[in-house]
Amino acid sequence: MQLAGQKSIAGQRPCAARTAVKQVRVAPVQASKSQKGRWSAMDAGNDQSDDQQDIARGRGMVDELFQGWGGTAGTANAIMNSSDYLSQAAKTFNNIEDGFYISPAFLDKITIHVAKNFMDLPKIKVPLILGIWGGKGQGKTFQCALAFKKLGISPIVMSAGELESGNAGEPAKLLRQRYREASDQIKKGKMEASDQIKKGKMCALFINDLDAGAGRMGESTQYTVNNQMVNATLMNIADNPTNVQLPGVYKNEEIPRVPIICTGNDFSTLYAPLIRDGRMEKYYWNPTREDRVGVCMGIFQEDKVARGEVEVLVDTFPGQSIDFFGALRARVYDDKVREFISGIGVENIGKRLINSREGKVNFEKPAMPLDILIKYGKQLVDEQDNVKRVQLADAYLAGAELAGSGGSSMPEAYAAQ
């Protein structure tokens, strides 16, 4: 059908007139470095915002239909707190005051081990692990803390309790993560604006009481899968210290070497291939008399005890560990605490000590003459002897010690008559 006023052209359909469109290409305009847009802080590489906190800030700004239901499970709640971003294993020793005694031999062993692991010695296999072991209560952990502070090292710390878990494989995974965390502190940082490389700092992995978590204490303890995997993981890290991969990651990435320092009481309970000389360098910590006197001077430095009296005290109890003298100092405060309790009454202790408006309890430091220290020291020795002498478990199992004329329930004053 053809409308009126239209002219038909043979062989062509009626259509509108065609207009030629000319495309013009515009070159992109580059913004100057001084010019910043309104949203420049969100550009890639410049965004320094915290997504978790931004989510929380958006609460109440949109309709509740899109906000999710209220409470702690709403979509406007941050999934992670700011403290979750911080390392839970890094430890600093800024709270330790100066003036404490460091054993020269102890400091020498740790310093050489750390230095050798950060050196590139030609054709020398340096053991990655330093195992410090010895008698109980000899101050191994505190000596390590003093040495780390002296060296300026903030170590990544693991305890024996973290070497076991209800989930199979978790301790071995955590061990690799802690090692990588220490390695990241050593690794050089990114290029800064001044084109200078931000260097890392020395770090170490410090494992407390390794034998308690990975050792086998006789036939009475169970050897679990986690014990086996922790030993195997430590062996693998000692053999390949620059290629420690996280679980599920199998790329060959070279990382800085991290020295491992661990303490324990009896390393004979550990897996024998782990403590061989190529993997672990062992150091038996047996403090000398000079070491014991030096450490005790640090224990009693607030009490103005003379060095001569400390030497007599150490010689009076030569077979005791170093923590014995710390317990001895705490025992001297019993008289002051007893006076405080008798002054306020036993029934008012809770009101005075817990959330009291009067603040903390303060009293004068007790005098610590040598005769008082020796007196309380002998009391502690007597308690130790009672533990070794009165072995009720063996008596009950034997069925011989029962209450009666010759039993263990009789007071010792009557038994001596």
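Every heavy atom of this structure was used, including side-chain atoms; hydrogens, water molecules and symmetry mates were not. Quick caveat, the model's predicted, so the values are computed rather than measured.
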Main-chain N/O of [Y] paired to [X] side chain as donor or acceptor, under 3.5 Å:
{"X": "D211", "Y": "D266", "value": "yes"}
{"X": "T263", "Y": "T141", "value": "no"}
{"X": "H113", "Y": "L128", "value": "yes"}
{"X": "S342", "Y": "E339", "value": "yes"}
{"X": "N236", "Y": "A232", "value": "no"}

Work out which heavy atom in [X] is nearest to a heavy atom in [Y]; give both atom names and the distance.
{"X": "I344", "Y": "I349", "result": "CD1-CA, 4.1 Å"}
{"X": "A367", "Y": "V332", "result": "O-CG1, 4.1 Å"}
{"X": "C262", "Y": "I129", "result": "SG-CG2, 3.7 Å"}
{"X": "F118", "Y": "P259", "result": "CZ-CD, 3.8 Å"}
{"X": "A147", "Y": "L107", "result": "CB-CD1, 3.9 Å"}
{"X": "G169", "Y": "N226", "result": "N-OD1, 2.8 Å"}

Side chains of [X] and [Y]: closer than 4.5 Å at any heavy-atom pair?
{"X": "M158", "Y": "L174", "answer": "yes"}
{"X": "W285", "Y": "D291", "answer": "yes"}
{"X": "V337", "Y": "F363", "answer": "yes"}
{"X": "M280", "Y": "L130", "answer": "no"}
{"X": "R289", "Y": "D315", "answer": "yes"}
{"X": "P241", "Y": "Y179", "answer": "yes"}
{"X": "E162", "Y": "R178", "answer": "yes"}
{"X": "P256", "Y": "T242", "answer": "no"}

Return yes when atom [atom1] of [X] has more than 12 non-hydrogen atoms of other residues, nucleotides or ligands closer than 6.0 Å, and no otherwise.
{"X": "K282", "atom1": "NZ", "result": "yes"}
{"X": "D120", "atom1": "CG", "result": "no"}
{"X": "K150", "atom1": "NZ", "result": "no"}
{"X": "N355", "atom1": "CG", "result": "no"}

message = Would E164 and T224 count as a side chain to side chain contact (heavy atoms under 4.5 Å, CB included) here? Give the steps.
response = CA-CA 9 Å; E164 187 55 82; T224 64; 2.9 Å; yes
task: For N243 and I255, run side chain to side chain contact (heavy atoms under 4.5 Å, CB included): C-alpha distance rounded to whole Å, both residues' side-chain angles, the deciding distance at 0.1 Å, then the answer.
output: CA-CA 6 Å; N243 185 20; I255 62 175; over 6 Å; no
To the nearest 0.5 Å, what is the distance between [atom1] on [X] and [atom2] on [Y]?
{"X": "L328", "Y": "K378", "atom1": "CG", "atom2": "NZ", "value": "12.5 Å"}
{"X": "R352", "Y": "E358", "atom1": "CZ", "atom2": "CD", "value": "4.5 Å"}
{"X": "I112", "Y": "E281", "atom1": "CD1", "atom2": "CD", "value": "8.5 Å"}
{"X": "Q138", "Y": "Y284", "atom1": "CD", "atom2": "OH", "value": "7.5 Å"}
{"X": "L163", "Y": "E170", "atom1": "CG", "atom2": "CD", "value": "13.0 Å"}
{"X": "E309", "Y": "F300", "atom1": "CD", "atom2": "CZ", "value": "10.5 Å"}

Between Q384 and Q320, a side-chain donor and acceptor under 3.5 Å = yes
(Q) If we count only N and O atoms by modelled type, under 3.5 Å, do the side chains of S321 and D323 hold a donor and an acceptor together? (A) yes
With a 6.0 Å cut-off on the ring centroids, do F317 and F324 count as close? yes
Please determine if [X] and [Y] form a salt bridge, counting it only when a charged side-chain N lies under 4.0 Å from a carboxylate O.
{"X": "R180", "Y": "E253", "answer": "yes"}
{"X": "R329", "Y": "D303", "answer": "yes"}
{"X": "R307", "Y": "E290", "answer": "yes"}

Exactly one of V305, L313, V314 clears side-chain contact (heavy atoms from CB on, under 4.5 Å) with C296, and that residue is V314
Per side-chain contact (heavy atoms from CB on, under 4.5 Å), I153 is matched among I110, I261, V114 by V114
Q.
Parallel, tilted or perpendicular: which one describes the rings of F148 and F206, with boundaries at 30° and 60°?
A. perpendicular
Discussion item. Quick one, Q228 with Y271, criterion side chain to side chain contact (heavy atoms under 4.5 Å, CB included). Give me CA distance, side-chain angles, the key distance, then yes/no.
Written reply: CA-CA 9 Å; Q228 185 178 1; Y271 188 49; over 6 Å; no
Item checked: Criterion side chain to side chain contact (heavy atoms under 4.5 Å, CB included) on F142 and F100, from CA distance to verdict -> CA-CA 10 Å; F142 189 64; F100 288 101; 4.1 Å; yes
